[in-house]
Undergrad: 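This is the structure I want to talk about, given as structure tokens.
Note: hydrogens, waters and symmetry copies are ignored here, and every other heavy atom, side chains too, is used. It should be emphasised that the depicted structure is a prediction, and the values quoted were computed from it without experimental measurement. Per chain, numbering begins at 1; letters A, B, ... match sequence-line order.
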Amino acid sequence: MRDAYCGMIRKEDTGRTVTLAGWVFRRRDHGGLIFVDLRDVTGIVQVVFSPEISRQAHERAGDIRSEYVIKAVGKVERRPSETENLNIPTGEIEVYISDFEILNTCKVLPFQLEDEEIGEAVRLKYRYLDMRRPEVQKVFIERSKAYRVTRDYLLSKGFYEFETPLLTKSTPEGARDFVVPSRLNTGMFYALPQSPQLFKQLLMMSGFERYFQIARCFRDEDLRADRQPEFTQIDIEMSFVDREDVMSVNEGLIIALYEALKGKKPPEVPFPRMSYAEAMEKYGSDKPDLRFDLPIVDLTAIFLKTELGVFKKTIETGGAVKSFVLKGKTLSRKDLDTAVDTAKDLGAGGLIWIRKDAEGLQSPIVKFLSDEERSQMTSILGLEPGDVVFIMADKRPKVSDLMGRFRLHIGEKYDLIDRSLDKFLWVIDFPLLEYSEEEKRYVARHHPFTSPKEKLAGFEGDHESILANAYDLVFNGVELGGGSIRIHRMEDQSEMFRLLNIGEEEASDKFGFLLEALEMGAPPHGGIAFGFDRIIMMFLGLPSIRDVIPFPKTQKGSCLLTGAPSKVAQRQLNELKIKAIAD
RNA sequence: GGGGUCGUAGUUAAGCCUGGUUAUAACGCCGGCCUGUCACGCCGGAGGCCGCGAGUUCAAUUCUCGUCGACCCCGCCA
């Protein structure tokens, strides 16, 4: 149909007669002369309709409108020198059209493609138009590149690519399942996979040793800027490996993706590591953003004998006093009051601020502090005039979490985040278990097949002190992925179930097939899964995961383009023996 | 489940706090003119259930409540 691409024509093609096909991007009708920017997937080129070339083509070109689809034949010519457009790659030439054909017309669009400020709802309703925009197309071309880089890298490292079932078994633990009714088995349901976790472990038991899948996963939980109910993971599992093996192979994958999408090497290789304990202590988060330094300092030791009521009470009941210092910013009394309000919005009981000036420490509470407390604070925090200390006191895990979120808020608000930096971080040594208030028992922090760093047999101590052979990769404060070395022996798995308070019957009912496989020569194995969409989003510097998914869902989980989810015909429900109990 | 922001021509916004005139602008659209534009230019024109419903009021785009939708966050989720 065509023999040249719009965006590829260069001055070297001068004199060539080309047949182009594409969309009318912009039209500049001068009456006697009509310019059209013709666009295809490669870019745009200026085509000229002139009565001196073809009276008939020029006349008909008057009817052309935005986004008409045309095929046009013409001769490539150098532009007159003063009319070159150096802002576009094809700006040195133009194509004089001798004949053209309108392949399709186009109604007036609901929004202009060149308008960058269109609301997201309109863009999603007409996503196919939104994706006509070159900047949006670029995202998905980069995404396509990322698939290829992933496959090239993993295949070159001896991995085999698999597909695992989408219609699978609902398993407890983890996220809420999307459920699919089975017509052939009335009253029974499949679940869409939250991840291919159990299948990839079974493939290790099959002896493939290195598995990967670019896998669609489903989780029926509330959406966020970086969370969609269906998303894509790079899912990986390896046999006869320890933690170092998994981390180094996968660091290589992430570096390859970073280089492909950002066109440069990551700043720090190998990626630095931090224990979960340190991350929580210093940054109040298991995914610290290291692009700004605002470390949290524990002041509990200073205030062991304090007269200040809040601190005294908190410390007596086993809580902690945490702080960080904001340097180099001038905060008014109003700014400080706003900070207190923000802290309360985050869920803090309160926030204490102390300002250091030439005379000393200024704060509503400073009169309750002893001289020693003041001087210790000044020296431990290295306070200088102009600094502001923010302090919270609360129960232990809560105060870290609150300070972590407050740290992010202050970092954001006072523009402390150096956006030119990219900070990778492996977070390791996660706790194996965490207490679930809801279920009144310990649950696996990662999943129940994660191996502990030490033997569980006979363990009777503090459940929360057991560390897991697990690792997360964090990038600029966002979790890109995580994984673990798995339990591969049945006796260790039984110990794990004992700690989780899962009975033998329940275990065999829910995961029997996996447990049986463990007893039939399961090799040591471990793996990781990365959020593919998140990687694309982060490496392209985009603010939302919706920007990198062709047809994403809104925050309420609906698709504005198709109208999903929707009601289904009564006949379909009848076949499934399903009755809706609410409208 | 909870907290917050937003909803006005096709699009993006102003007006609303402090109720009352023909609801304003830009882009887009339609018609006319234009042979060197590239966000072409100039002249003229059309286009509104002010998201929806109730309430307050002589009077509501404007105030109140509810509801629907979009977005951000907490819970939830790895």
Undergrad: Tell me whether the side-chain N or O atoms of A:Arg26 pair up with the base of B:C38 as donor and acceptor below 3.5 Å, since no angle test is needed here.
TA: no
Undergrad: B:A78 P sits how many Å from A:Trp426 CH2, rounded?
TA: 19 Å
Undergrad: B:C38 and B:G48: how far apart are their C1' atoms, nearest whole angstrom?
TA: 34 Å
Undergrad: Less than 3.5 Å apart, any donor N or O on the side chain of A:Tyr276 or A:Asp472 sitting next to an acceptor on the other?
TA: no
Undergrad: Looking only at side-chain N and O atoms, does A:Arg28 come under 4.0 Å of OP1 or OP2 in B:C40?
TA: yes
Undergrad: Which sits closer to the 5' end of RNA chain B, A:Thr554 or A:Asp401, going by the nucleotide each is nearest to?
TA: A:Thr554
Undergrad: Distance check: side-chain N/O of A:Gln555 vs OP1/OP2 of B:C72, anything under 4.0 Å?
TA: yes
Undergrad: Is there a donor in the side chain of A:Arg28 and an acceptor in the side chain of A:Gln46, or the other way round, less than 3.5 Å apart?
TA: yes
Undergrad: Using purine N1 to pyrimidine N3 plus N6-O4 or O6-N4 for Watson-Crick, or N1-O2 and O6-N3 for G-U wobble, both under 3.5 Å, which nucleotide pairs with B:G10?
TA: B:C27
Undergrad: Starting the side chain at C-beta, find the nucleotide from B:A78, B:C29, B:A70 nearest to A:Asp472.
TA: B:A78
Undergrad: Could A:Glu94 and A:Arg78 be called an ion pair, given the rule that one side-chain N must be under 4.0 Å from one carboxylate O?
TA: no
Undergrad: Specify the separation, in whole Å, of atom NE2 of A:His409 and atom P of B:G3.
TA: 20 Å
Undergrad: With a 3.5 Å cut-off and no angle check, do the side chains of A:Ser484 and A:Arg486 form a donor-acceptor pair?
TA: yes
Undergrad: Can you tell which of B:U12, B:A78, B:C38 lies closest to the side chain of A:Thr83?
TA: B:C38
Undergrad: Which part of the nucleic acid does A:Gly347 contact within heavy-atom distance under 4.0 Å: base, sugar-phosphate only, or nothing?
TA: nothing
Undergrad: What interatomic distance, in whole Å, is found between C1' of B:C16 and the corresponding atom of B:C33?
TA: 42 Å
Undergrad: Between B:C77, B:U11, B:G28, spot the one nearest the side chain of A:Glu221, thanks.
TA: B:C77
Undergrad: Can you check whether A:Arg224 has a side-chain N or O nearer than 4.0 Å to OP1 or OP2 of B:C74?
TA: yes
Undergrad: At under 4.0 Å between heavy atoms, what does A:Glu84 touch on the DNA or RNA strands: base, sugar-phosphate, or nothing?
TA: base
Undergrad: Among B:C77, B:C34, B:G36, which nucleotide sits nearest the side chain of A:Asp29?
TA: B:C34
Undergrad: Would you say A:Thr164 and A:Gln213 are linked by a side-chain donor-acceptor pair, where the criterion is simply a distance under 3.5 Å?
TA: yes
Undergrad: Ignoring backbone atoms, test whether A:Lys556 places a side-chain nitrogen or oxygen under 4.0 Å from the OP1 or OP2 oxygen of B:G69.
TA: yes
Undergrad: For A:Phe35 and B:U37, are the ring centres under 5.5 Å apart with planes inclined under 30°?
TA: yes
Undergrad: Measure from the side-chain heavy atoms of A:Ala175 and tell me the nearest of B:U37, B:C29, B:A78.
TA: B:A78
Undergrad: Please give, in whole Å, the distance from B:G28 C1' to A:Leu113 CG?
TA: 12 Å
Undergrad: Is there a donor N/O on one and an acceptor N/O on the other, under 3.5 Å, for the side chain of A:Asp222 and the base of B:G75?
TA: yes
Undergrad: Using the six-membered base ring of B:U37, report whether A:His30 stacks on it, requiring centroids under 5.5 Å and planes under 30° apart.
TA: no
Undergrad: What distance, rounded to whole Å, do you find between the two C1' atoms, one in B:A9 and one in B:G28?
TA: 11 Å
Undergrad: Is any N or O donor-acceptor pair between the side chain of A:Arg65 and the base of B:C30 shorter than 3.5 Å?
TA: no
Undergrad: Is the base of B:U11 touched by the side chain of A:Glu117 through a donor-acceptor pair closer than 3.5 angstrom?
TA: no
Undergrad: Is A:Arg546 salt-bridged to A:Glu120, cutoff N-O under 4.0 Å?
TA: yes
Undergrad: Give the nucleotide from the list B:G36, B:C76, B:C34 with an atom nearest to the side chain of A:Arg176.
TA: B:C76
Undergrad: Measure CD/A:Glu412 against C1'/B:C72 and give the value in whole Å, please.
TA: 12 Å
Undergrad: Rounded to whole angstrom units, what separation is found between the CD atom of A:Glu77 and the P atom of B:U35?
TA: 21 Å
Undergrad: Any luck finding a side-chain donor-acceptor pair between A:Tyr283 and A:Asp289 under 3.5 Å?
TA: no
Undergrad: Applying the Watson-Crick and G-U wobble criteria at under 3.5 Å, what pairs with B:G55? Answer none if nothing qualifies.
TA: B:C63
Undergrad: Round to a whole Å and report the spacing from OH of A:Tyr126 to C1' of B:G10.
TA: 9 Å
Undergrad: B:C50 and B:U37: how far apart are their C1' atoms, nearest whole angstrom?
TA: 39 Å
Undergrad: Could you check how far CD of A:Gln112 sits from C1' of B:A13, rounded to whole Å?
TA: 14 Å
Undergrad: Quote, to the nearest angstrom, the P distance that separates B:A14 from B:U8.
TA: 10 Å
Undergrad: Between A:Ser66 and A:Asp115, which is nearer to the 5' end of RNA chain B once each is assigned its nearest nucleotide?
TA: A:Asp115
Undergrad: Using whole Å, what does the distance between atom C1' of nucleotide B:C34 and atom CD1 of A:Ile34 come to?
TA: 11 Å
Undergrad: Indicate, with a heavy-atom threshold strictly under 4.0 Å, whether A:Tyr96 touches base, sugar-phosphate, or nothing.
TA: base
Undergrad: Answer yes or no: side-chain N or O of A:Arg79 and base N or O of B:U37 forming a donor-acceptor pair under 3.5 Å.
TA: yes
Undergrad: Is any N or O donor-acceptor pair between the side chain of A:Glu52 and the base of B:U35 shorter than 3.5 Å?
TA: yes
Undergrad: Under 4.0 Å between a side-chain N or O of A:Ser558 and OP1 or OP2 of B:A70?
TA: yes
Undergrad: Taking OP1 and OP2 of B:U35, is either one under 4.0 Å from a side-chain nitrogen or oxygen of A:Arg55?
TA: no
